[in-house]
Protein chains: 2
Amino acid sequence: MSDTHDHDPGEKYGGQLHGPTSVRMWLRMLSCTMVIEKRLRRRFIDQYKTTLPRFDVLAALDRRAEGMTMGDLSQMLLVSNGNVTAIVRQLQESGFVAVEAAEHDRRSLIATLTPKGTTHFAELAVAHHHWIEEMLGDVPEEVLQQLFDRLATVKTSIAAKGTQ
Amino acid sequence: MSDTHDHDPGEKYGGQLHGPTSVRMWLRMLSCTMVIEKRLRRRFIDQYKTTLPRFDVLAALDRRAEGMTMGDLSQMLLVSNGNVTAIVRQLQESGFVAVEAAEHDRRSLIATLTPKGTTHFAELAVAHHHWIEEMLGDVPEEVLQQLFDRLATVKTSIAAKGTQ
DNA sequence: AAATTATGCTTTAGGTATAAAGCATCTTGA
DNA sequence: TCAAGATGCTTTATACCTAAAGCATAATTT
């Protein structure tokens, strides 16, 4: 039996009511993101025997028919190089991804989707969209759009603060 | 040298422009959350030799002077029981948390903050707030408040969709 | 009250993440 | 040209997280 909880936890640290708006907003956003992400992971495993990181790699490659280097994937997905190595190897073993040395630089490896990988990703992407639309189904389109717009400000702010 | 990236990645899957608003909003929210969370983890390690999960436990206990059972912590923090066991043991070894058997049910263990733990958490909390306020410093108060309000709708929607 | 089931927690095995070191290749500059 | 450093990736050690099994204690059923 499962040992992990997946119900509404309230905000982490418990429905925080005090403190600056930035902190309250962060805790609420974190809470929402964690719940959604956990459900997505669960469904990927249960229904497709795959993982969110593998899906992320497939999605990145699907957008670039010409392929991507391991480093490109690492940067785009915000995971370590070593991690990309492992995920791509799995996808390669499953026949979803092909890897070949770059012509211009023999250190680089370029990963591309195989036809099988493209088909597989298409199926996953449909399910992924469906799950998200279902979870956010009660949020009015207008609110989603406002969130999307305001999150752009957040994105800009954290980008401006550099990596440190 | 570090091997992990921490700069603006654009949205995951690369600045998605198409698809339903719910999916676009989710990808943007996920991206923002991941960047902020990674930075927080990094700073906790670098500046305080601690981790976000340990901070989360301390924060939960700080709000409840009477203490919490391991199960309560697991539910509130959305992590497995086994994980709580490990984190609490670490905090116990550091002298920040005390654990004793519950009177009413000898299976239960109740964790409480020690005075040392309370002091330690206070220091961490100040830094934590400071980091968040800094990262979100360019987001106007008004936008933060709007995000906070609209995220309540998201929270409600995902809660309504149950755990499945 | 005994047997069964449920609950609270820990342990274990396995997957996944990072950081740091290592290897190969490329680039730079004297 | 060739030494020194930078770059792309992999490997290794370590940490953390989950699921599932296991153990002890409570609650329930008969």
Side-chain angles (χ1 to χ4, degrees), chain A residues 1-6 34-35 37-46 49-57 67-94 97 99-111 163, chain B residues 1-6 34-35 37-46 49-57 67-94 97 99-111 163:
Chain A
M1 196 186 70
S2 171
D3 200 18
T4 299
H5 304 281
D6 182 24
M34 295 289 281
V35 171
E37 196 179 357
K38 271 179 188 288
R39 288 193 197 163
L40 291 178
R41 285 181 190 277
R42 168 60 60 102
R43 292 180 190 188
F44 270 124
I45 280 290
D46 288 351
K49 308 291 181 220
T50 190
T51 64
L52 200 43
R54 283 200 276 263
F55 176 75
D56 289 343
V57 167
M68 297 176 73
T69 66
M70 308 300 264
D72 289 343
L73 284 168
S74 169
Q75 271 196 304
M76 171 167 291
L77 304 179
L78 289 186
V79 298
S80 65
N81 271 332
N83 194 9
V84 169
T85 297
I87 296 168
V88 167
R89 182 167 43 226
Q90 292 167 5
L91 292 170
Q92 203 179 0
E93 284 163 3
S94 301
V97 162
V99 175
E100 59 179 347
E103 293 175 4
H104 63 290
D105 185 340
R106 285 188 302 165
R107 292 169 305 180
S108 277
L109 295 177
I110 296 181
T163 128
Chain B
M1 194 186 71
S2 169
D3 201 17
T4 299
H5 304 281
D6 181 26
M34 295 288 281
V35 171
E37 197 179 358
K38 272 180 187 286
R39 288 193 198 164
L40 292 178
R41 283 182 191 278
R42 168 61 59 103
R43 292 180 190 187
F44 270 125
I45 280 290
D46 288 351
K49 308 292 181 218
T50 191
T51 65
L52 201 42
R54 283 199 277 262
F55 176 74
D56 290 343
V57 168
M68 297 176 73
T69 67
M70 308 300 264
D72 289 343
L73 284 168
S74 170
Q75 272 196 304
M76 171 168 290
L77 303 179
L78 290 185
V79 298
S80 66
N81 272 332
N83 195 8
V84 169
T85 297
I87 296 168
V88 168
R89 182 166 44 227
Q90 292 167 7
L91 291 170
Q92 203 178 1
E93 285 164 2
S94 302
V97 163
V99 175
E100 58 178 348
E103 293 174 4
H104 63 289
D105 185 338
R106 285 189 303 165
R107 290 169 304 180
S108 277
L109 295 178
I110 296 181
T163 126

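Here is how names work: the chains are called A, B, and so on, in the same order as the sequence lines, proteins then strands, and each is numbered from 1. Just so you know, these numbers use all the heavy atoms, side chains as well, and skip hydrogens, waters and symmetry mates.
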- Just do the side-chain contact (heavy atoms from CB on, under 4.5 Å) check on Leu77(B) and Val84(B) with the steps written out, would you? CA-CA 9 Å; Leu77(B) 303 179; Val84(B) 169; 5.5 Å; no

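Residue Asp105(A) is the one, among Thr51(B) and Asp105(A), whose nearest nucleotide of DNA chain D lies closer to the 5' end (criterion: closest heavy atom).
Checking dC9(D), dT10(D), dC9(C) against the side-chain heavy atoms of Asn81(B) singles out dC9(C) as nearest. Taking the side chain of Lys38(B) as heavy atoms from C-beta on, and the options dT10(D), dT25(C), dT18(C), the nearest nucleotide is dT18(C). The side chain of Ser80(B) sits closest to dT18(D) out of dT18(D), dC9(D), dT11(C). Checking dT18(D), dT10(D), dT16(C) against the side-chain heavy atoms of Leu109(A) singles out dT10(D) as nearest. Closest to the side chain of Val79(A), out of dC9(D), dT18(C), dT16(C), is dT18(C).
With hydrogens and angles left out, the side chain of Arg107(A) and the base of dT7(D) share a donor-acceptor pair within 3.5 Å.
One atom, CD of Glu37(B), and another, C1' of dC16(D), lie 13 Å apart when rounded to the nearest Å. Going from atom CZ of Phe44(B) over to atom P of dC16(D) covers 14 Å, rounded to whole Å. Atom P of nucleotide dC9(C) and atom CZ of Arg89(B) are separated by 14 Å, given to the nearest angstrom. For Ile45(A) and dA20(D), the CD1 to P distance is 11 Å, given to the nearest whole Å. Whole-Å rounding puts the Asp46(B) CG to dA19(C) P distance at 9 Å. Distance NE2 (His104(A)) to P (dG8(D)): 9 Å, rounded to an integer number of Å. Atom CG in Asp72(A) sits roughly 15 Å away from atom P in dT7(D) (whole-Å rounding). Put simply, CD on Glu100(B) is 18 Å from P on dG8(C), counting in whole angstrom units.
Between Arg89(B) and Thr85(B), the closest side-chain pair of non-hydrogen atoms falls below 4.5 Å. Ser108(A) places none of its side-chain heavy atoms less than 4.5 Å from the side chain of Glu103(A).
Listed pair Asn83(B) / dC16(D) fails the phosphate criterion, with no side-chain N or O lying under 4.0 Å from OP1 or OP2. Using a 4.0 Å cut-off, no side-chain N or O of Gln90(B) falls inside it from OP1 or OP2 of dA15(D). In this structure, Arg106(B) reaches the dA26(D) phosphate: one of its side-chain N or O atoms is under 4.0 Å from OP1 or OP2.
A rotation axis mapping the C1' atoms of four pairs onto the next four is fitted at both ends of the helix from dA1(C)-dT30(D) to dA30(C)-dT1(D) over five pairs, and the angle between these axes is 10° to 10 degrees.
Side-chain atoms of Thr69(B) do not come within 3.5 Å of backbone N or O of Ile110(B) as any donor-acceptor pair. A donor-acceptor contact shorter than 3.5 Å is absent between the side chain of Ser74(A) and the backbone of Met70(A).
Using a 4.0 Å heavy-atom distance criterion, Arg41(B) is classed as making no nucleic acid contact. Ser108(A) comes within 4.0 angstrom of the backbone, heavy atoms only, and of no base.
The one candidate from Ile45(A), Ile87(A), Val57(A), Leu40(A) that meets the side-chain contact (heavy atoms from CB on, under 4.5 Å) condition with Thr51(A) is Ile45(A).
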